[in-house]
2 protein chains.
Amino acid sequence: MENNSCIRQQADIEQINRCKDTVSELNESFDYLANRLSLVGNSVRLKILYLLFEEKRLCVCDLSDILGMNISAISQHLRKMKDRNLLETERDAQTIFYSLTAKYEKMLNPFFEILDKNKILETI
Amino acid sequence: MENNSCIRQQADIEQINRCKDTVSELNESFDYLANRLSLVGNSVRLKILYLLFEEKRLCVCDLSDILGMNISAISQHLRKMKDRNLLETERDAQTIFYSLTAKYEKMLNPFFEILDKNKILETI
DNA sequence: TTCTTATTTAAGCAAATACTTAAATACATA
DNA sequence: TATGTATTTAAGTATTTGCTTAAATAAGAA
């Protein structure tokens with residue numbers, strides 16, 4: 001299972017232990033944050049998030065039109081993001097509008113700014 | 001292929017077209033950014049990135065010890081991040097030290113700060 | 001050169017992901 | 001009520017991902 005065959009001479013034991021403490025202390029936070037970032041790390045979902053940032057609210061049909069994708073595929077992406085609290089919904093008759101939650105809008109703002117300025121190729 | 005069966009009555013055509021323009025203009029940026037964020041959206045890699053942020057540099061063996069994982073598995077994670085310019089290496093005899101590139105340290109800083117304060121549960 | 005340490009790479013596999021198609025649900029209107 | 005519009009959900013599939021094991025590469029020491 002664990003082939004930790006690190007039998008090296010030089011290792012900063014203090015450093016290793018400090019790091020182990022950090023990891024065990026923040027373990028749940030790492031999982032939580034990575035889980036959310038994995039959603040953003042998909043170009044379809046990143047586009048959806050950015051479009052919602054710009055347009056405030058859009059429905060499944062709008063996004064399907066804009067991205068040239070199957071409604072069902074879009075709906076499933078939206079569901080994931082809603083389940084993990086990146087998005088919230090508001091019904092207007094038959095139409096369901098999706099929008100960014102305040103928390104995630106704030107958190108993702110630095111990335112939206114990069115995209116806004118389309119300066120990604122220089123910055124990253 | 002494209003079952004865009006959105007035959008709806010109300011659609012803000014201007015909005016749809018504006019969004020389509022945005023997507024086509026920024027298309028490569030979306031792909032590029034999503035690709036990088038997908039790397040961060042994995043808890044093992046997020047831990048590695050955070051540990052490198054705190055400790056400045058670590059080798060494969062260190063990370064293997066700290067995370068209790070197979071050296072090969074860690075090495076493959078590091079390779080991915082190096083290939084996509086999140087990390088850089090520096091050799092010291094047999095040991096290869098990994099560190100964050102300045103660009104990505106800056107870009108990921110907001111997340112590191114959240115983790116630093118361990119305030120993730122309130123913030124996100 | 002041979003041996004040891006440090007690391008990477010290749011091959012294989014199980015689990016997760018993203019999409020398709022088809023069926024189901026929800027609401028509005030005739 | 002029946003019909004149409006908007007959306008979700010379920011099931012199936014192909015691709016990608018993350019890990020394991022084993023072999024390969026690289027550098028220092030004997």
Side-chain angles (χ1 to χ4, degrees), chain A residues 1-12 16 30-31 34-48 57-84 87-98, chain B residues 1-12 16 30-31 34-48 57-84 87-98:
Chain A
M1 197 72 179
E2 307 213 345
N3 177 27
N4 297 357
S5 50
C6 285
I7 10 102
R8 67 195 182 289
Q9 323 295 70
Q10 293 160 305
D12 184 336
I16 303 285
F30 282 125
D31 288 347
N35 178 280
R36 267 62 187 175
L37 287 173
S38 74
L39 290 184
V40 191
N42 168 287
S43 68
V44 172
R45 286 191 297 260
L46 181 61
K47 285 171 194 167
I48 292 174
R57 63 175 215 171
L58 291 166
C59 67
V60 197
C61 253
D62 292 333
L63 289 163
S64 170
D65 272 0
I66 296 163
L67 301 174
M69 284 177 64
N70 196 299
I71 297 178
S72 172
I74 299 290
S75 178
Q76 289 173 71
H77 279 302
L78 291 171
R79 187 186 201 291
K80 278 191 183 177
M81 294 193 281
K82 192 190 174 188
D83 284 350
R84 292 174 192 171
L87 301 183
E88 59 198 357
T89 54
E90 178 191 5
R91 183 181 270 276
D92 187 346
Q94 290 127 298
T95 308
I96 294 168
F97 286 100
Y98 282 82
Chain B
M1 197 71 181
E2 306 210 345
N3 177 28
N4 297 356
S5 49
C6 285
I7 10 104
R8 67 195 183 290
Q9 323 296 68
Q10 295 161 306
D12 185 336
I16 302 286
F30 282 125
D31 288 347
N35 178 279
R36 268 61 187 176
L37 287 173
S38 75
L39 289 183
V40 189
N42 168 286
S43 69
V44 172
R45 286 191 295 260
L46 182 61
K47 284 171 194 167
I48 292 174
R57 63 175 218 172
L58 291 165
C59 68
V60 196
C61 252
D62 291 332
L63 288 163
S64 170
D65 272 0
I66 295 162
L67 300 174
M69 283 177 64
N70 194 301
I71 297 178
S72 172
I74 299 290
S75 178
Q76 289 173 71
H77 279 303
L78 292 171
R79 188 185 201 289
K80 278 190 186 180
M81 295 193 281
K82 192 189 174 191
D83 283 351
R84 295 174 191 170
L87 302 183
E88 59 198 357
T89 55
E90 179 190 6
R91 167 161 244 146
D92 187 347
Q94 292 126 297
T95 308
I96 294 169
F97 286 100
Y98 283 82

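We name chains A, B, ... by the order of the sequence lines, and we start the count at 1 in each one.
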task = Calculate, to the nearest 0.5 Å, the distance between atoms CG and CD1 belonging to A:Leu67 and A:Ile48 respectively.
result = 6.0 Å

inquiry  = If the cut-off is 4.0 Å, is A:Arg79 near the phosphate of D:dT9, judged by side-chain N/O to OP1 or OP2?
reply    = yes

request  = Look at B:Asn70 and D:dC19 and indicate whether a side-chain polar atom (N or O) is within less than 4.0 Å of OP1 or OP2.
outcome  = no

inquiry  = Taking donor-acceptor contacts at under 3.5 Å, does the side chain of B:Ser72 reach the base of C:dT9?
reply    = yes

query = How many angstroms lie between CG in B:Leu37 and CZ in A:Arg45, if you round to the nearest 0.5 Å?
reply = 11.5 Å

task = Consider the side chain of A:Gln76, meaning its heavy atoms from C-beta on, and name the nucleotide among D:dT8, D:dT9, C:dT7 that approaches it most closely.
result = D:dT9

query = Donor-acceptor pair, A:Asp65 side chain versus A:Asp62 backbone, under 3.5 Å?
reply = no

ask   = Quick one: A:Ile48 CD1 to D:dT7 C1', roughly how many Å, whole number?
value = 14 Å

ask   = Whole-Å distance between D:dA6 P and A:Leu63 CG?
value = 14 Å

query = Do the side chain of A:Thr95 and the base of D:dT7 come within less than 3.5 angstrom through a donor-acceptor pair of N or O atoms?
reply = no

request  = Grab the CD1-P distance between B:Ile71 and D:dT20 for me, whole Å please.
outcome  = 12 Å

query = Does OP1 or OP2 of D:dT17 have a side-chain N or O of B:Lys80 closer than 4.0 Å?
reply = no

A:Gln76 and A:Ser72, any side-chain heavy atoms less than 4.5 Å apart = yes

ask   = Is B:His77 near enough to D:dT17 that one of its side-chain N or O atoms lies under 4.0 angstrom from OP1 or OP2?
value = no

ask   = Between B:Leu39 and B:Lys80, which heavy-atom pair has the shortest distance, and what is it?
value = CD1-O, 4.0 Å

ask   = What integer distance in Å separates B:Ile96:CD1 from D:dA26:P?
value = 10 Å

CG on B:Leu58 to CD1 on B:Ile66, rounded to 0.5 Å = 5.0 Å

message = In this structure, how many angstroms lie between the C1' atom of C:dT8 and the CG atom of B:Leu87, rounded?
response = 15 Å

remark   = The correct set of residues in residues 37-46 of chain B placing a heavy atom under 4.0 Å from DNA chain D is B:Asn42, B:Val44, B:Arg45

ask   = Could you state the CG-C1' distance from B:Leu67 to D:dC19, rounded to the nearest angstrom?
value = 14 Å

message = Strictly under 4.0 angstrom, non-hydrogen atoms only: write out the protein contact profile of nucleotides 25-30 of chain C, one letter per nucleotide from the 5' end, B, S or -.
response = -SBS--

ask   = A:Cys61 versus A:Ile71: any side-chain heavy-atom pair under 4.5 Å?
value = yes

inquiry  = Applying a 4.0 Å non-hydrogen cut-off, can you work out what A:Ser75 is touching in the nucleic acid: base, sugar-phosphate, or nothing?
reply    = base

ask   = Does a side-chain N or O from A:Tyr98 land closer than 4.0 Å to OP1 or OP2 of D:dA6, or not?
value = no

message = What is the distance, to the nearest angstrom, from the CE atom on A:Met69 to the C1' atom on D:dT7?
response = 16 Å

message = Using 0.5 Å steps for rounding, measure from the CZ atom of B:Arg57 to the OG1 atom of B:Thr95.
response = 8.5 Å

query = Going by heavy atoms in the side chains, are B:His77 and B:Asn42 under 4.5 Å from each other?
reply = yes

request  = Report the distance from atom CD of A:Glu90 to atom C1' of D:dA6, rounded to the nearest whole Å.
outcome  = 16 Å

query = So, the side chain of A:Ser64 versus the backbone of A:Met69: is there a donor-acceptor pair under 3.5 Å, distance only?
reply = yes

